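Beneath this line is the structure, given in structure tokens, with notes to follow.
These figures come from a predicted structure and were not determined experimentally. Convention: sequence-line order gives letters A, B, ...; per-chain numbering from 1.
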Amino acid sequence: MRKKTWYTLLALLVVAAGYWLETKGVDRESYLEQLHVDWGGNTSKNDTIYQDGSHFLPSSTTGQIIHHKGYSLSYSEPHEQAEWVAYKLEKEHLSGVDYKRPYFEMDDAVISGSAHWRNYKDSGYDRGHLCPAADRKFSKEAFTETFLTSNVSPQEHQFNSGIWNRLEQKVRFWASRYDGVYVVTGGILKEIDITIGEEQVAVPKQFYKIVLDYNSGNPKVIAFLIPHEESDKPLYDFVVSVDSLEVISGIDFFSSMDDDVENRIEAFEKWENWHF
DNA sequence: CTGACTTAC
DNA sequence: GTAAGTCAG
């Protein structure tokens with residue numbers, strides 16, 4: 001074959017590979033069906049419990065619950081961020097491609113308007129993902145969707161890239177190990193001392209994360225409450241009960257769950273059942 | 001992985 | 001605004 005032919009074939013291969021990477025992951029149809037059904041279409045359906053045990057949305061203290069395709073959130077306008085972000089992390093979600101990070105955008109679904117990214121500019125704080133970008137890498141659409149300011153809290157870089165990052169990686173490990181987990185996460189929006197930007201985005205003093213394993217036999221839950229500062233301590237040092245987290249945050253986390261199950265798992269503060 | 005920043009078009 | 005490359009925890 002002549003050189004020119006080789007180059008042509010090579011170019012075609014590159015284009016094909018690019019297209020493949022672009023569309024790789026769960027295809028759009030099943031992606032939408034899976035995620036949308038899991039979390040329901042609107043707030044009024046939150047008291048429904050699906051047979052597969054999904055749909056564990058927390059209560060909203062702000063009355064503004066928003067459902068995106070890849071996650072749901074409750075937006076607190078006074079704090080210009082979500083009080084919680086909830087999503088289901090499937091085992092299959094984990095395989096993915098490295099997408100280029102897009103720019104953060106405002107969330108049009110937030111009626112009152114979510115924070116502008118300029119609030120974070122030169123603030124010294126990271127735009128810290130609540131639903132991590134790495135948890136939505138199964139499609140470019142899902143990945144991009146995490147770059148909304150409604151999915152972001154001001155975080156110190158040392159914290160975000162440190163212990164918080166460690167926790168997020170642990171959640172992905174659990175999702176793989178336990179065949180999928182439910183995640184609820186956010187900052188504690190109480191006793192705010194520091195705000196950033198013109199819109200006064202609140203800087204939480206603590207961040208929490210709740211992980212629910214509803215797939216491997218007996219449901220089990222683990223909750224973390226971590227001070228907004230870098231720490232070298234092991235993650236299990238920050239385990240708390242869901243009950244205490246509900247008191248601190250004012251949010252009812254598993255209100256749609258069977259009371260029996262809810263009462264059984266929420267009081268637990270033990271982490272021995274979880275692999276670290 | 002988690003990010004910000006700079007430079008080019 | 002988009003794209004690509006660099007740098008840092």
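- Here Arg166(A) lies out of heavy-atom contact (under 4.0 Å) with every strand.
- Trp274(A) and Tyr178(A) have their aromatic ring centers within a separation under 6.0 angstrom.
- Electrostatic pairing of Lys88(A) and Glu90(A) counts as a salt bridge here, judged by a charged N lying under 4.0 Å from a carboxylate O.
- For the pair Arg136(A) and Glu145(A), the salt-bridge criterion is not met [side-chain N within less than 4.0 Å of a carboxylate O].
- Within a 6.0 Å radius of CG in Asp108(A), no more than 12 heavy atoms belonging to other residues, nucleotides or ligands are found.
- Put simply, the side chain of Tyr125(A) does not reach to within 4.5 Å of the side chain of Asn160(A), judged on heavy atoms.
- Side-chain contact check for Val110(A) versus Ile66(A): some heavy-atom pair is nearer than 4.5 Å.
- Within a heavy-atom distance below 4.0 Å of DNA chain B, no residue of residues 192-211 of chain A is found.
- Using a 4.0 Å heavy-atom cutoff across all strands shown, Asp98(A) reaches sugar-phosphate atoms only and no base atom.
- No contact: Gln155(A) has no heavy atom under 4.0 Å from any strand.
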For nucleotides 6-9 of chain C, which of its nitrogen or oxygen atoms have a protein nitrogen or oxygen under 3.5 Å away, and what is each distance?
from   : atom 1 : to        : atom 2 : distance (Å)
dG9(C) : O3'    : Gln158(A) : OE1    : 2.4

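- Across all non-hydrogen atoms, the minimal contact from Asp213(A) to Gly180(A) is OD1-O, 4.3 Å.
- Side-chain atoms of His116(A) never come within 3.5 Å of backbone atoms of Met106(A) as a donor-acceptor pair (strictly under, hydrogens ignored).
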Taking N or O atoms only and anything under 3.5 Å, show me the protein contacts with nucleotides 6-9 of chain B, one pair per line.
none

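- Put simply, Arg101(A) has a side-chain N or O that comes within less than 4.0 Å of OP1 or OP2 on dG3(B).
- Under the 6.0 Å cut-off for aromatic ring centres, Phe276(A) and Trp174(A) qualify, their centroids lying closer than that.
- With respect to Gln81(A), the side-chain contact (heavy atoms from CB on, under 4.5 Å) criterion is satisfied by exactly one of Pro204(A), Ser114(A), Ser150(A), Ser76(A): Pro204(A).
- The side chain of Arg127(A) places no N or O atom within less than 4.0 Å of a non-bridging phosphate oxygen (OP1 or OP2) of dG3(B).
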